[in-house]
Amino acid sequence: MVPAWLWLLCISVPQVTLETQDRRVLWGPQPVLVRVKDENDQVPHFSQAIYRAQLSRGTRPGIPFLFLEASDQDEPGTANSDLRFRILSQAPAQPFPDMFQLEPRQGALALSPKGSTSLDHALEKTYQLLVQVKDMGDQASGHQAIATVEVSIIESTWVPLEPIHLAENLKVLYPHHIAQVHWSGVDVHYRLESHPLGPFDVDAEGNLYVTRELDTEAQAEYVLQVWAQNSRGEDYAAPLELHVLVMDENDNVPVCPPRGPAVSIPELSPPGTEVTRLSAEDADAPGSPNSHIVYQLLNPESEDGVEGRAFQVDSTSGSVTLGALPLQAGQNILLLVLAMDLAGAEGGFSSTCEVEVEVTDINDHAPEFTTSQIGPISLPEDVEPGTLVAMLTATDADLEPAFRLMDFAIERGDMDGTFDLDWEPDSGHVGLRLCKNLSYEAAPSHKVVVVVRSVAELVGPGPGPGATATVTVLVERVMPPPKLDQERYEASVPISAPAGSLLLTIQPSDPISRSLRFSLVNDSEGWLCIEKVSGEVHTAQSLQGTQPGDTYTVLVEAQDTDEPRLSTSVPLVIHFLKAPPAPALTPAPVPSRYLCTPRQDHGVIVSGPSKDSDLASGHGPYSFALGPNPTVQRDWRLQTLNGSHAYLTLALHWVEPREHIIPVVVSHNAQMWQLLVRVIVCRCNVEGQCMRKVGRMKGMPTKLSAVGILVGTLVAIGIFLILIFTHWTLSRKKDLNQPADSVPLKATV
């Protein structure tokens with residue numbers, strides 16, 4: 001075989017010039033790398049021809065108990081030296097022919113899963129395996145070698161250990177041997193773990209040691225786990241567990257719990273009420289006599305010398321309870337309780353525990369208001385929410401601050417949540433506040449019942465319900481200021497208008513519910529006057545000194561008749577128009593329209609004079625105003641839409657159904673025209689269509705003729721009744737004038 005090494009050779013060659021295209025490469029003496037290819041010319045061989053191993057029953061499958069070694073002199077890392085192991089045969093082949101498995105690359109021999117399950121019941125003591133090693137990896141070709149493996153089956157010595165008892169504080173030489181484990185086989189290593197971690201160790205022979213003294217109070221029991229492993233750290237079998245119990249000695253004194261704050265016991269608590277439960281601790285082993293503690297009550301100490309029968313103690317549980325003797329509020333008592341280990345036997349340790357007892361008050365008093373009736377309190381209905389209505393005070397006769405805490409609530413008289421309560425948790429004062437607006441119409445008065453209760457639960461005989469206080473609130477009616485139907489009034493009047501001309505009528509927005517008295521303010525020229533009740537504004541005198549296009553502004557003040565302090569004012573702007581020449585006021589025919597009464601949301605469009613009209617002298621814009629007739633200005637409204645049209649509507653809700661002629665004054669460039677707008681006011685159906693009267697049908701009597709016929713009939717009947725009455729009267733008079741003997745007598749029997 002020639003190894004495939006890399007040789008670095010220095011070869012001297014003559015200087016050569018190589019020409020490649022237009023480049024020259026000059027070669028001289030250079031090192032040359034030569035690789036020698038390896039051939040598979042070496043046969044693998046085992047480290048020994050016969051292997052002997054011991055296999056303990058109970059070995060886990062797949063855990064190697066023997067490692068086969070083989071070598072190949074071919075180049076490492078190539079297929080020529082890639083070795084594979086396999087089992088050729090097993091003798092005997094019972095109970096299964098594949099009792100063992102061989103790892104092909106590592107040569108690790110282990111039990112197969114079948115072999116592990118059947119090994120404990122197999123009768124064979126020795127197995128002989130013929131094993132092979134071959135190079136060239138998994139390829140079919142290659143060199144091979146054969147060896148024999150003799151496996152002896154031995155009984156398992158890997159058996160559980162009995163618990164070990166070790167005395168605490170043991171005075172011996174450490175490390176101290178306590179036990180030994182053994183795995184039946186070769187190539188075994190032992191590993192130990194302690195739970196919890198403790199002073200234990202194991203050597204190569206499986207001997208277990210404790211390395212220092214143990215303390216029961218620190219740890220009373222340890223669990224040791226020991227593993228048997230091969231050279232690769234793999235476990236042959238499950239670990240063995242060894243329990244180490246540390247024996248306790250009575251070397252600790254019972255320790256009482258630290259004396260805490262005084263234990264509060266309510267007065268009048270029944271016998272048997274637990275005051276406290278003592279729990280003294282002993283560091284000796286739990287459950288042993290060394291830590292078995294019993295309790296005994298010593299004579300208590302008290303300022304009042306209360307006898308011991310006021311308290312009892314349970315010797316086993318340490319529960320301190322009340323005895324038959326009742327306690328009084330305000331007492332402070334110091335109890336002494338003896339805690340003894342060894343269940344109180346002679347030779348044990350003991351400690352004295354202290355318990356301070358304080359007898360406290362109970363919540364047996366309900367809070368009460370200092371005043372049960374408050375008011376009446378008058379509040380205007382426009383008072384702001386959040387206003388304090390009344391302040392109530394309650395007291396509690398209990399001494400404990402926690403028992404004097406009170407809770408307040410509105411019990412009756414506030415269904416809509418108009419009021420609310422405001423108080424501090426530790427205060428006996430509560431404020432009744434307004435949280436909603438008052439309304440005289442909705443509720444002219446309120447009777448609010450406030451209840452106070454103790455926050456803590458009341459105890460004792462018959463604490464009774466919570467105390468109450470009644471707050472009476474009277475709501476004062478507040479009238480809003482009057483409101484008019486417009487926020488600003490405007491009217492137009494020619495400067496030639498005479499005194500007494502009606503300009504417009506001021507009306508309240510709600511004329512039914514309120515009565516107003518009107519007046520004018522800032523009428524410096526004295527040109528206007530207003531009717532105090534009706535609100536009609538007239539010219540008070542001739543408008544001398546005014547110019548067309550001027551405006552005159554006054555304030556209209558409306559005062560509530562019932563509440564004179566309530567008033568409102570709006571501006572009234574008068575526009576002065578040029579006085580039209582007398583012949584210019586020529587009525588212009590306007591087609592008739594109709595409107596519905598009661599008033600509906602529609603009106604009549606009024607147009608200015610047309611271009612072809614004799615009244616028109618040019619184009620617009622035109623100004624529109626109602627004629628000076630007071631009735632017209634009261635019943636109608638005229639609103640300018642643009643320079644050529646205006647909108648006529650009813651001013652009142654109801655106008656008499658008939659034909660109305662409304663004069664409309666149209667002005668332009670100092671010229672004035674009067675349009676007579678013919679409007680038919682009628683009743684309308686639901687579709688807004690005018691319902692007109694039906695004329696008399698042909699051949700039917702008119703209303704007047706029907707009335708004449710009815711009157712004639714009644715007259716005839718009257719004459720006939722008069723004749724009958726006259727005839728009856730005359731006959732009666734004639735009978736009375738006859739002599740008595742001429743009257744026939746009635747026959748008798």
Side-chain angles (χ1 to χ4, degrees), residues 1-16 18 25 27-55 59 61-93 96-115 126-152 185-189 229-234 236:
M1 181 197 76
V2 179
W5 297 342
L6 297 179
W7 294 87
L8 188 62
L9 304 178
C10 290
I11 304 175
S12 296
V13 297
Q15 183 170 338
V16 180
L18 299 180
V25 180
W27 283 9
Q30 298 290 336
V32 177
L33 185 63
V34 178
R35 180 180 297 275
V36 180
K37 181 179 180 181
D38 180 42
E39 297 289 342
N40 187 18
D41 54 356
Q42 298 294 318
V43 178
H45 61 275
F46 283 100
S47 61
Q48 54 191 77
I50 298 176
Y51 293 89
R52 292 179 175 84
Q54 291 182 337
L55 179 61
T59 302
I63 304 301
F65 61 90
L66 178 64
F67 291 90
L68 304 180
E69 296 180 0
S71 60
D72 192 307
Q73 296 300 317
D74 287 320
E75 181 181 2
T78 64
N80 299 333
S81 62
D82 187 7
L83 303 182
R84 294 290 189 270
F85 299 88
R86 70 187 184 97
I87 299 175
L88 298 178
S89 64
Q90 168 191 312
F96 297 103
D98 51 353
M99 294 283 290
F100 301 91
Q101 62 185 26
L102 183 60
E103 205 279 324
R105 293 181 180 272
Q106 302 295 330
L109 184 63
L111 271 176
S112 67
K114 288 185 177 181
T126 303
Y127 286 90
Q128 189 176 65
L129 306 177
L130 189 62
V131 296
Q132 170 191 287
V133 61
K134 186 185 76 67
D135 60 10
M136 297 302 291
D138 296 329
Q139 300 181 24
S141 61
H143 302 290
Q144 62 183 11
I146 297 176
T148 302
V149 179
E150 294 181 356
V151 181
S152 300
V186 296
D187 187 24
V188 60
H189 303 274
Q229 301 176 333
N230 59 19
S231 58
R232 295 198 304 188
E234 297 172 315
Y236 283 120

How would you list, by chain and number, every residue that makes a side chain to side chain donor-acceptor pair (under 3.5 Å) with S152, sequence neighbours excluded? none
For S47, check side chain to side chain donor-acceptor pair (under 3.5 Å) against everything at least two apart and list the hits. Y51
Side chain to side chain contact (heavy atoms under 4.5 Å, CB included) assessment of T148 paired with Q128: CA-CA 7 Å; T148 302; Q128 189 176 65; 3.5 Å; yes
So, for [X] and [Y], which heavy atoms are closest and what is the spacing to 0.1 Å?
| X | Y | result |
| --- | --- | --- |
| F65 | Q54 | CD1-O, 4.3 Å |
| P61 | S112 | CB-O, 3.8 Å |
| N230 | P64 | ND2-O, 3.1 Å |
| A110 | G62 | CB-C, 3.7 Å |

Go through the structure and list residues passing salt bridge (Lys or Arg N to Asp or Glu O under 4.0 Å) with R232, not counting sequence neighbours. E234
Are H189 and S231 close enough that a side-chain donor and a side-chain acceptor fall under 3.5 Å? no
Could you tell me whether the side chain of S81 and the main chain of E75 form a donor-acceptor pair under 3.5 Å? yes
N/O donor-acceptor pairs under 3.5 Å from side chains in residues 129-137, not counting sequence neighbours:
residue	atom	partner	partner atom	Å
K134	NZ	G137	O	3.2
K134	NZ	Q139	O	2.6
K134	NZ	S141	O	3.3
D135	OD1	H143	N	2.6
D135	OD2	N40	ND2	3.4

With sequence neighbours excluded, tell me which residues meet side chain to side chain contact (heavy atoms under 4.5 Å, CB included) with P97. A93
Residues at least two apart in sequence or cross-chain that pass side chain to side chain contact (heavy atoms under 4.5 Å, CB included) with D98, listed by chain then number, are F96, K114
Quick one: pull up [atom1] in [X] and [atom2] in [Y] and give me the separation to the nearest 0.5 Å.
| X | Y | atom1 | atom2 | result |
| --- | --- | --- | --- | --- |
| D74 | D82 | CG | CG | 11.0 Å |
| H45 | Q144 | NE2 | CD | 15.5 Å |
| E39 | T78 | CD | OG1 | 10.5 Å |

With heavy-atom distances below 4.5 Å as the criterion, would you say the side chains of F46 and V149 are in contact? no
Are L111 and I63 close enough that some pair of their side-chain heavy atoms sits under 4.5 Å apart? no
Above 12 or not: heavy atoms from other molecules or residues under 6.0 Å from CD of Q48? yes
Could you give the side-chain donor-acceptor pairs of residues 100-109 under 3.5 Å, partners two or more places apart or in another chain?
residue	atom	partner	partner atom	Å
E103	OE1	R105	N	3.1
E103	OE1	Q106	N	2.3

